[in-house]
Novice: 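To start, I am sharing the structure in question, which I have written as structure tokens.
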Protein chains: 2
Amino acid sequence: MNSILSALAEPNRLHIVELLRDGPLTVGEIADRLGLHQPQASKHLRVLSEAGLVEMQPVANRRIYRLRPQPLMELDAWLASFRRIWEERFDRLDEYLLELQKLEQKHDDKP
Amino acid sequence: MNSILSALAEPNRLHIVELLRDGPLTVGEIADRLGLHQPQASKHLRVLSEAGLVEMQPVANRRIYRLRPQPLMELDAWLASFRRIWEERFDRLDEYLLELQKLEQKHDDKP
DNA sequence: TTGGAATATTCCTGTCAAGGTATATTCAAG
DNA sequence: CTTGAATATACCTTGACAGGAATATTCCAA
């Protein structure tokens, strides 16, 4: 979960993932479209690869990179656990304020 | 989108967000549960706040922090654009290989 | 078999962010 | 008004990471 998020947190890498959403690409094409030098593209792809976000298939000289769905599915599952917050307007602030108040009162009790 | 991801990429901050999923908390409580010093907790909350992931309401001495759904909804929407990839087993690798082959042939044509 | 294209790796450097510590601020209670 | 609790901020140091440039590797074609 964490390696996924930090992989996606880098703007160029996020951009790469978005590029690959439309289909596989070679390193050179990715570097071109992002205006990156080839080594930086390779390095970003390495990070994405270690996070499991992409996989590579060599074809002669080139390396074709494509998305792997699993990490995105994990992220989706994680997000799902928050969905009630916006679907049910789940808040609990009032509840929490009451609890705080109770704690204050207990604190005031002299034993 | 980017500030959201980099905010969540830090393990302690991800943890804070998960804590707040169950309801609002004060800075001190958050620091306690994560085993953080109070200043670090405040700093992480600042980052989360700037990313719009949390909001704060002062109550006397304390600051109560709670989740804000919107950024998580944005993340969800972004993820949605990838959902076809794993729902339809969308791949396009074969397509792409064919395209590559065509390019090779064109490259071989002597004008 | 030699050359050039495509890619990965290495080394260097600068920047940024996180933790630690000290301090400032605000508030309630006595 | 003073004290202590809760929180935010500032400053410093250190480690991680991204970009740049050079180089190694692999493969195809002539």
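Throughout, a chain's letter reflects where its sequence line sits, starting with A, and its residues are numbered from 1.
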Novice: Taking atom C1' of C:dT7 as reference, at what distance in whole Å does atom CD1 of A:I64 sit?
Specialist: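 Those two atoms, CD1 and C1', are 13 Å apart.
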Novice: Within the 4.0 Å heavy-atom criterion, would you say A:P58 contacts the bases, only the backbone, or no part of the nucleic acid?
Specialist: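 Here A:P58 touches no strand at all.
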Novice: May I ask you to decide if A:T26's main-chain N or O and A:E29's side chain share a donor-acceptor pair within less than 3.5 Å?
Specialist: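 Such a contact is found between A:E29 side chain and A:T26 backbone.
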Novice: Atom CG of A:L34 and atom P of D:dG20: how far apart are they, to the nearest Å?
Specialist: 13 Å
Novice: What residue among A:R13, A:K43, A:M56 forms side-chain contact (heavy atoms from CB on, under 4.5 Å) with A:L48?
Specialist: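 Among A:R13, A:K43, A:M56, the one meeting side-chain contact (heavy atoms from CB on, under 4.5 Å) with A:L48 is A:R13.
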Novice: Does the side chain of B:W78 reach to within under 4.5 Å of the side chain of A:V17, using non-hydrogen atoms?
Specialist: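 Yes - at least one pair of side-chain heavy atoms lies under 4.5 Å apart.
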Novice: Taking atom P of D:dC11 as reference, at what distance in whole Å does atom CD of B:Q40 sit?
Specialist: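 The answer, rounded to whole Å, is 16 Å.
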Novice: Hydrophobic clustering (ILVMFWY, side-chain heavy atoms < 4.5 Å, transitive) - are B:V47 and B:L36 grouped together?
Specialist: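 In one cluster with B:L36: B:V47, no.
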Novice: Can you measure from CG (A:L14) to CG (B:N2) and round to the nearest 0.5 angstrom?
Specialist: 6.5 Å
Novice: Just the rounded figure in Å: distance from C1' of D:dT9 to CE of B:M56.
Specialist: 13 Å
Novice: Rounded to the Å, how far apart are A:L45 CG and C:dA8 P?
Specialist: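 It is 7 Å, rounded to the nearest whole Å.
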Novice: Can you tell me if A:H44 touches the phosphate of D:dC17, counting only side-chain N or O atoms and a distance under 4.0 Å to OP1 or OP2?
Specialist: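 The answer is no; no side-chain N or O of A:H44 sits under 4.0 Å from OP1 or OP2.
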Novice: Given D:dA8, D:dG19, C:dT7, identify the nucleotide with an atom nearest to the side chain of A:R63.
Specialist: C:dT7
Novice: Could you state the CD-C1' distance from B:Q38 to C:dT23, rounded to the nearest angstrom?
Specialist: 12 Å
Novice: Could you state the CD-P distance from B:E10 to C:dA17, rounded to the nearest angstrom?
Specialist: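 Distance, rounded to whole Å: 12 Å.
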Novice: Nearest of D:dA18, D:dG4, C:dT7 to any side-chain atom of A:S42?
Specialist: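 Nearest to the side chain of A:S42 among the choices is C:dT7.
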Novice: Can you tell which of C:dG19, D:dT7, D:dC27 lies closest to the side chain of A:A60?
Specialist: D:dC27
Novice: Could you check which of C:dC27, D:dT26, C:dG19 has an atom nearest any side-chain atom of B:N61?
Specialist: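 Among the listed nucleotides, the one closest to the side chain of B:N61 is C:dC27.
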Novice: A:R13 side chain N/O closer than 4.0 Å to the phosphate oxygens (OP1, OP2) of D:dA18?
Specialist: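 Affirmative; the distance criterion is met.
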Novice: Quick check for you: among D:dA18, C:dC11, C:dA8, whose closest atom lies nearest to any side-chain atom of A:K43?
Specialist: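 The answer is C:dC11.
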Novice: Okay, side chain of B:R68, backbone of B:G52: is any donor-acceptor separation there less than 3.5 Å?
Specialist: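 Yes.
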Novice: With a 4.0 Å cutoff (strictly under), does any side-chain N or O of A:Y65 reach OP1 or OP2 of C:dA6?
Specialist: no
Novice: State, to 0.1 Å, how close A:I85 and B:P69 come at their nearest heavy-atom pair, and which atoms those are.
Specialist: CG2-CB, 4.4 Å
Novice: Can you name the salt bridge (charged side-chain N to carboxylate O under 4.0 Å, His left out) partners of A:R83, sequence neighbours left out?
Specialist: A:D76, B:D76
Novice: How close or far is atom C1' of D:dA10 from atom CZ of B:R46, stated in whole angstroms?
Specialist: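 Whole-Å distance recorded here is 11 Å.
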Novice: Check every atom of D:dA18, C:dG19, C:dG20 against the side chain of B:H37 and return the nucleotide holding the closest atom.
Specialist: C:dG20
Novice: For DNA chain D, what string of dots and brackets results from 5' to 3' when Watson-Crick and G-U pairs need both distances under 3.5 Å, crossing pairs get [ ], and pairs with another strand get |?
Specialist: ||||||||||||||||||||||||||||||
